[in-house]
Amino acid sequence: MSKLFQAIRGMNDILPGESALWQALETTLREVLAAYGYDEIRLPLVEKTELFARSIGEATDIVEKEMYTFADRNGESLTLRPEGTAGCVRACIEHGLLHNQTQRLWYAGPMFRYEKPQKGRYRQFHQVGAEAYGMAGPDIDAELICLTARLWRRLGIGAVTLQINSLGSSAARAVYRDRLVAYFEARRAELDEDSQRRLATNPLRILDSKNPAMRAVLADAPVLIEHLDAESHAHFEELRTLLDAAGVAYQINPHLVRGLDYYCKTVFEWVTDTLGAQGAICAGGRYDGLLEQLGGPATPGVGFALGLERLAALLAAAGQPGADANPHAYLIAVGAAAQRWGLALAERLRDQAPALRLRMHCGGGGFKAQFRRADHSGARFALILGEDEVRAGTVAVKPLRDPDGQQLTLSPDQAAAFLRAALDATPRP
RNA sequence: GUGGACGUAGCUCAGAUGGUAGAGCUCCGGAUUGUGGUUCCGGUCGUCGUGGGUUCGAGUCCCAUCGUCCACCCCA
């Protein structure tokens, strides 16, 4: 007796019953990204480990303990991508996409992080990301945020709020960071264990601690947004003006920082309180220094990533139906002669009506069983072949969903024309 | 990585105190031998997550392990 295999922990199958929702989600994403003039870029799942270490940051949790890293057969250290920006930047530099030009790009696909799975957090998860290169002003930041806001409207997601903040230039942030460390050092006794550890590694992250006992220390801490350099301040003010003009509501969250080292100036996050502890469905920001840091031209960049599992969970909770993938017609064929002729007829109908989704019954069975399958398939029409139809060279067409519909006996050409007309009358996306 | 709850049929779940497994839905067949969806009748489906242990006897108790969920942590 062989042992039952199970999927790797935290890596989920998307079953037929769920895939319609995913397809609808992906279609909407593509349409909205296209509406803003973003082009798709397709990237490998695996990159050199060093690319992630240098871009995401050596001291981050992702690089320190969450990456799927392995040696390939040459002994080179490779890593399953934990996020998409690093690979996207690498590809743009490698192929000269940033040479005297701007880019608006998007990508989609699985990402991998070795975390303890819980709702909305998996070891293989799916993101769609958008990145814009070569544009330094707040207008492109605002465009990306407008794009995401439009996405929620198109998807019918209401329970999300936008939080924004500015991290300032790296120089200004370094000054602020020193002040923050000095402040926390002075009140070290009030910090919890995690925060004391972060004081040495990533002090800004202390700001978004969820520990209620830390509230008092955090309330009096120096505020990042009051220590911005003049340029970052102007950038942030203009972003707010643009969002106001576009009618996108937001909250300023001075404690919003990002877990990845490469961000500067604008950071934003869309959050919901309906998904439990994993409430961020989309997050991003500006990363002007990253391209140069990875050996490219000094090019500003800004982007976001959103989590498809989390969006799918929101859509499922809202009862969204997903894409209609049901067949339009189900071909019933009873008897050996009818089954032989049925296969040929099905091919002929697909030739003459290319948009038709036609499911042919296979596996035999009587009229009762085949009609039951036809009904369960969700098809609008049953196409019926029995001995009588085979003898006459006809096919019976029965509407399954229309209580007033009449069953017709048609020639194959007439059936094709009938089905084409029925599809045209109710076009499906 | 830390803490907690939980794994019984394909799905949703019942199975006090240990005595050898049930319901609804699904699926298949019949009533209706060429017509689905409603109704009625009948039937299939389980190594009770896995591996050990205690016991005359374990779905039930103990240990380990795998997995799911929740919180921390982290993040999309």
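The sequence lines fix the lettering, A, B, ..., with proteins before strands; numbering per chain opens at 1. Note that the structure is predicted; figures quoted are calculated from it, not measured.
Using a cutoff of 4.0 Å between basic side-chain nitrogens and carboxylate oxygens, E143(A) and R104(A) are scored as salt-bridged. For the pair R205(A) and D194(A), the salt-bridge criterion is not met [side-chain N within less than 4.0 Å of a carboxylate O]. Ion pairing between a basic and an acidic side chain is recognised when a charged N comes within 4.0 Å of a carboxylate O; R391(A) and D388(A) show such pairing. At a threshold of 4.0 Å, the pair R154(A)-E31(A) counts as salt-bridged, since one of the basic side-chain nitrogens sits closer than that to a carboxylate oxygen. A salt bridge is defined here as a Lys NZ or Arg NE, NH1 or NH2 lying under 4.0 Å from an Asp or Glu carboxylate O, and E47(A) with R90(A) meets this definition.
Closest to the side chain of R310(A), out of rA76(B), rG36(B), rU35(B), is rA76(B). For R198(A), counting side-chain heavy atoms from C-beta on, the closest listed nucleotide (rU35(B), rC73(B), rC75(B)) is rC73(B). Of all nucleotides listed (rC27(B), rG36(B), rC74(B)), rC27(B) comes nearest to the side chain of H376(A).
For rC27(B), the OP1/OP2 oxygens have no side-chain nitrogen or oxygen of R373(A) closer than 4.0 Å.
Nucleotides rA9(B) and rC28(B) place their C1' atoms 16 Å apart, quoted to the nearest Å. For the C1' atoms, the distance from rC70(B) to rC11(B) is 23 Å, rounded to whole Å. Nucleotides rC61(B) and rG1(B) are separated by 27 Å at their P atoms, to the nearest Å. rC41(B) and rU50(B) are spaced 40 Å apart, taking the C1' atom of each and rounding to whole Å. Separating the P atom of rA14(B) from that of rG53(B) is a span of 30 Å, rounded to the nearest Å. Taking atom P in both rC75(B) and rU60(B), one finds a spacing of 41 Å when rounded to whole Å. When the C1' atom is compared between rG15(B) and rU8(B), the two are found 9 Å apart, to the nearest whole Å. With both ends at atom P, the span from rG52(B) to rG59(B) equals 14 Å, rounded to whole Å.
Between L204(A) atom CG and rC74(B) atom C1' the separation is 16 Å, expressed in whole Å. Here rC75(B) presents its C1' atom at 15 Å from CG of L308(A), a figure rounded to the nearest Å. The separation between E115(A) atom CD and rU2(B) atom P is 15 Å, rounded to whole Å. As rounded to whole Å, 11 Å separates atom P of rC75(B) from atom CD1 of I56(A). Whole-Å rounding puts the K65(A) NZ to rC73(B) P distance at 12 Å. If you take CZ of R197(A) and P of rC72(B), they are 15 Å apart, rounded to a whole angstrom. Computed from coordinates, the L207(A) CG to rC74(B) P distance equals 12 Å when rounded to whole Å. Atom CG of L331(A) is separated from atom P of rG36(B) by 18 Å (rounded to the nearest Å).
Looking at heavy-atom distances under 4.0 Å, Q370(A) makes no contact with the nucleic acid at all. Counting any heavy atom pair closer than 4.0 Å across all strands shown, D194(A) reaches sugar-phosphate atoms only and no base atom. Nucleic acid contact for E193(A): none, since no nucleic acid atom lies under 4.0 Å from a heavy atom of the residue. E66(A) comes within contact range of the sugar-phosphate backbone alone, with a heavy-atom separation under 4.0 Å but no base atom that close. Within 4.0 Å of R401(A), counting heavy atoms only, lies at least one base atom of the nucleic acid. If you check every strand for non-hydrogen atoms under 4.0 Å, I332(A) touches nothing.
Stacking of R42(A) on the aromatic ring of Y107(A) is not recorded, the 6.0 Å distance cut-off and the 45° axial limit not both being met.
Under 3.5 Å, the side chain of R121(A) and the base of rC74(B) form at least one donor-acceptor pair of N or O atoms. In this model, a side-chain donor or acceptor of D375(A) finds a partner on the base of rG36(B) within 3.5 Å.
Checking H255(A) against N165(A) by side-chain atom types alone, no donor-acceptor pair falls below 3.5 Å. There is a side-chain donor-acceptor pair under 3.5 Å between R310(A) and Q278(A).
Because its glycosidic torsion is within 90° of 0, rA16(B) is reported here as syn.
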Solution key, residues 59-71 of chain A side-chain donor-acceptor pairs under 3.5 Å, sequence neighbours excluded:
| unit_1 | atom_1 | unit_2 | atom_2 | d |
| --- | --- | --- | --- | --- |
| T60(A) | OG1 | G57(A) | O | 2.7 |
| T60(A) | OG1 | V63(A) | N | 3.4 |
| T69(A) | OG1 | T79(A) | OG1 | 2.8 |

Please tabulate, for the side chains in residues 14-23 of chain A, all donor-acceptor contacts under 3.5 angstrom to protein atoms that are two or more places apart in sequence or on a different chain.
| unit_1 | atom_1 | unit_2 | atom_2 | d |
| --- | --- | --- | --- | --- |
| E18(A) | OE1 | L15(A) | N | 2.8 |
| S19(A) | OG | P16(A) | O | 3.1 |

Please tabulate, one pair per line, each protein N/O and nucleotide N/O from nucleotides 65-70 of chain B that are separated by under 3.5 Å, including the distance.
| unit_1 | atom_1 | unit_2 | atom_2 | d |
| --- | --- | --- | --- | --- |
| rC66(B) | O2' | Q6(A) | OE1 | 2.6 |
| rU68(B) | OP1 | G10(A) | N | 3.4 |
| rU68(B) | OP2 | R9(A) | NE | 3.1 |
| rC70(B) | OP2 | K119(A) | N | 2.4 |

Protein-nucleotides 29-33 of chain B N/O pairs under 3.5 Å:
| unit_1 | atom_1 | unit_2 | atom_2 | d |
| --- | --- | --- | --- | --- |
| rG29(B) | OP2 | R372(A) | NH2 | 2.3 |

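The residue among L400(A) and L306(A) whose nearest nucleotide of RNA chain B lies closer to the 5′ end is L400(A). Take the nearest nucleotide of RNA chain B for A283(A) and for S209(A): the residue whose nucleotide is more 5' is S209(A).
T102(A) places no side-chain N or O within donor-acceptor distance of the main-chain N or O of M135(A), the cut-off being under 3.5 Å. For S77(A) (side chain) and T49(A) (main-chain N/O), no donor-acceptor pair under 3.5 Å exists by modelled atom type. A distance-only check finds a donor-acceptor pair linking the side chain of R357(A) to the backbone of N326(A) [under 3.5 Å].
Of all heavy-atom pairs between A159(A) and T272(A), the closest is O-OG1, 3.0 Å.
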If a pair means Watson-Crick or G-U wobble with both distances below 3.5 Å, what does RNA chain B look like in dot-bracket form, with | marking bases paired to a different strand? (((((((..((((.....[..)))).(((((.......))))).....(((((..]....))))))))))))....
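F371(A) qualifies as a stacking partner of the rU35(B) base, centre to centre under 5.5 Å and near-parallel within 30°.
Listed by first and then second residue, the salt bridge (Lys or Arg N to Asp or Glu O under 4.0 Å) pairs that reach into residues 331-348 of chain A are E347(A)-R350(A), R348(A)-D413(A), sequence neighbours excluded.
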